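Predicted model only: the values in this text are computed from it and were never measured. Sequence positions, counted from 1, serve as the residue numbers for this chain.
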Amino acid sequence: MKPGPLSERALILAPHGRDAQVAAMILRAAGFPAETFGDLAGLCAEMEKGAGLAIVTDQAMYDSDLRAMANYIENQPPWSDFPIILLTRRDSAADRNPAAARIEELLGNVTLVERPFHVATLLSVVRTAVRSRRRQYEARSRLEALRASEERLSELTDTLEQRVRQRSAELMIEVAARERAQEQLLQSQKMETIGQLTGGVAHDFNNLLLAVMGNLELLKKRFRDDTRAQHLIAGALEGARRGASLTQRMLTFARQQELKTTSSDLVALVAGMQDLLDRTLGPQVELRFALPQGLPAAQVDANQIELAILNLAINARDAMPAGGVISIDLDKRPPPAGKNLKDPEYLRLRLSDTGSGMDEHTLKKAIEPFFSTKPTGKGTGLGLSMVHGLAVQLGGMLELESVPGQGTTAALWLPIAKTPAPVAEVRPPAAQDASRATILVVDDDPLIAMSTVEMLEDLGHTAIEANSAAEALTILKDGQAIDLMLTDQAMPGMTGLELAEIAHKERPKMPILLATGYADLPASQIKLPRLSKPYLQSELQEEINRLLSGAAA
């Protein structure tokens, strides 16, 4: 209750004589609200509602049950000290009357006024009591305001703690996500660096293999009657072909191989590999296929996909030394979330085995180049990395799932072609020997140039060697008759494409063949046929015959 008329009123109990009426009249005249009561119970009831003070006579206290009054005094709130003015007779002073002393002790905040009281004395005591009571109410207001502030502060603290906990949880999630992103970035950078190194090594190795294979083919022709020489040369050629296959894997991992993507029927492709897989995997492996009809074509390099399937199947066989089951299935479905695949649907080619499986640590490193769980000498560690690089280069991905003791599933997600797969046609035989031609061979590596010149001359052509683009342009400007130019791409000073653009302006009808091991070439104003390094003499002959026949036509 706020201070006011009700809380500042004087409650008067003087049942004998005219003390109650006189005191009430004096107080009202002075501006204090006053009420009189006939018994202590009525006064105590009004005290509960609110009052500034009570004026009681000692005789009324002696004649009443004081428990209600004592209970009120005892249970006052901490801010309250209710003032009581006790009207006493002179002989009722506490120091002379033990009963009066007990009443004073019971009532607490008691002021004694002897009867008959003087008006000024009564008013002075009442004013003091009212001022004290006002300060008590003010203290109560401050306490309530303080309590409200504390409650508000507690609510704010709780809210702040809740927000801190919530934000801390969010920060933990953000930190975890940032760490994962950082780990993925570092892994990507590492793989990119390894890829660049691998691609460069593979390209240089391709050039060396070209010289080795070309010279071995020429030697094979020279020693046709020497059985032992033929056997040795065949072994050397087989080793060189294996090296070429290894460089293709390295370039695939580095995403630098040249892909010839076409609209391909994967159902027919996989089904056509069944005999090859049966022979390769052996009798201990059971092959199961689930290849539904009616699936769209995939935009892939069919030869590379066959190689990828063969790699995955061999890995699966090696994980089942006692034999087992390899299941190959194909379906169409949306890409998994969070894998950065842009098309709405992909073809998913899955190869599952019942082998030993991989733990989480091994699974994370499985596609890293040169990582292998096979014994030394039993694998290069490039199989899965090649398949991964191929899938990414095609615009898809490789997804691996594995449980130790339960096997592994490798899923190739491949893009769907825009057009149906063409109906297989019988290819006409390659054009046989075109007329003997003069061919300009441009390569900055003398070893490669020499080997290529030897292969061309062995085919009956006239070969002119140039070890730079500038030297080739000089030969072209001299007006010498040139039927075809074969040029390398990666040369210092001027690339093969740049040379071809200039040469095309000089001699627009001259066919130009680009020999390279790189897949991603810069944009050019002219489109050139390519011969992938390393190439065999037969591949070189077929491409030259095709170009010369086309030029003649």
Side-chain angles (χ1 to χ4, degrees), residues 238-239 241-242 245-246 248-250 252-253 264-293 295 298 300 302-331 333 336 347-391 396-414:
E238 177 60 25
R241 290 191 185 98
R242 291 186 182 182
S245 176
L246 179 60
Q248 284 301 308
R249 292 187 183 187
M250 295 169 71
T252 302
F253 161 72
S264 302
D265 184 351
L266 287 186
V267 173
L269 184 148
V270 176
M273 291 184 66
Q274 184 169 357
D275 290 341
L276 173 63
L277 291 172
D278 283 333
R279 290 194 303 271
T280 303
L281 302 178
Q284 288 184 304
V285 175
E286 178 187 352
L287 278 172
R288 297 177 182 174
F289 294 88
L291 306 172
Q293 298 298 316
L295 291 175
V300 295
N303 292 332
Q304 294 298 327
I305 290 297
E306 288 179 346
L307 181 60
I309 294 172
L310 189 60
N311 265 299
L312 293 174
I314 291 173
N315 277 350
R317 179 202 63 188
D318 293 344
M320 303 184 298
V325 177
I326 295 178
S327 302
I328 301 177
D329 63 83
L330 185 65
D331 60 9
R333 59 179 51 229
L347 289 173
R348 184 183 64 170
L349 176 63
R350 291 193 306 176
L351 191 147
S352 305
D353 63 62
T354 57
S356 56
M358 295 180 281
D359 57 29
E360 185 177 354
H361 174 72
T362 305
L363 187 62
K364 286 182 178 179
K365 298 173 69 66
I367 64 170
E368 291 187 6
F370 311 113
F371 174 79
S372 177
T373 57
K374 299 176 184 178
T376 303
K378 297 296 183 180
T380 62
L382 282 171
L384 285 176
S385 62
M386 182 275 288
V387 177
H388 167 72
L390 171 65
M397 71 170 184
L398 171 66
E399 189 177 36
L400 295 176
E401 296 178 356
S402 189
V403 178
Q406 298 183 25
T408 300
T409 297
L412 272 172
W413 293 78
L414 302 170

Let me see the working for L307 and N303 under side chain to side chain contact (heavy atoms under 4.5 Å, CB included), right down to the final yes or no. CA-CA 6 Å; L307 181 60; N303 292 332; over 6 Å; no
Show me the donor-acceptor pairs within less than 3.5 Å that the side chains of residues 264-283 make with the rest of the protein, sequence neighbours left out.
unit_1: S264; atom_1: OG; unit_2: T262; atom_2: O; d: 3.4
unit_1: S264; atom_1: OG; unit_2: T262; atom_2: OG1; d: 3.3
unit_1: D265; atom_1: OD1; unit_2: V267; atom_2: N; d: 3.1
unit_1: D265; atom_1: OD1; unit_2: A268; atom_2: N; d: 3.4
unit_1: T280; atom_1: OG1; unit_2: L276; atom_2: O; d: 2.8

Strictly by salt bridge (Lys or Arg N to Asp or Glu O under 4.0 Å), give each pair with a member in residues 347-363 just once, sequence neighbours left out. D329-R350, D331-R348, E360-K364
First locate atom CD1 of I328, then atom CG of L312, and finally report the distance between them rounded to the nearest 0.5 Å. 9.0 Å
For the residue pair I309 and L351, what are the closest heavy atoms and their distance? O-CD1, 4.1 Å
So, for P292 and A290, which heavy atoms are closest and what is the spacing to 0.1 Å? CD-O, 3.4 Å
In short, side-chain hydrogen bond (donor to acceptor under 3.5 Å, both in side chains) pairs touching residues 401-414 with sequence neighbours left out are S352-T409, E399-W413, S402-T408
Minimal non-hydrogen separation, I326 against A313, with atom names: CD1-O, 3.8 Å
Could you walk me through whether N311 and N315 pass the side chain to side chain contact (heavy atoms under 4.5 Å, CB included) test, one step at a time? CA-CA 6 Å; N311 265 299; N315 277 350; 5.5 Å; no
Treating T354 as the side-chain partner and G324 as the backbone partner, does any N or O pair qualify as donor plus acceptor under 3.5 Å? no
Would you mind reporting whether L398 and L390 have side-chain heavy atoms less than 4.5 Å apart? no
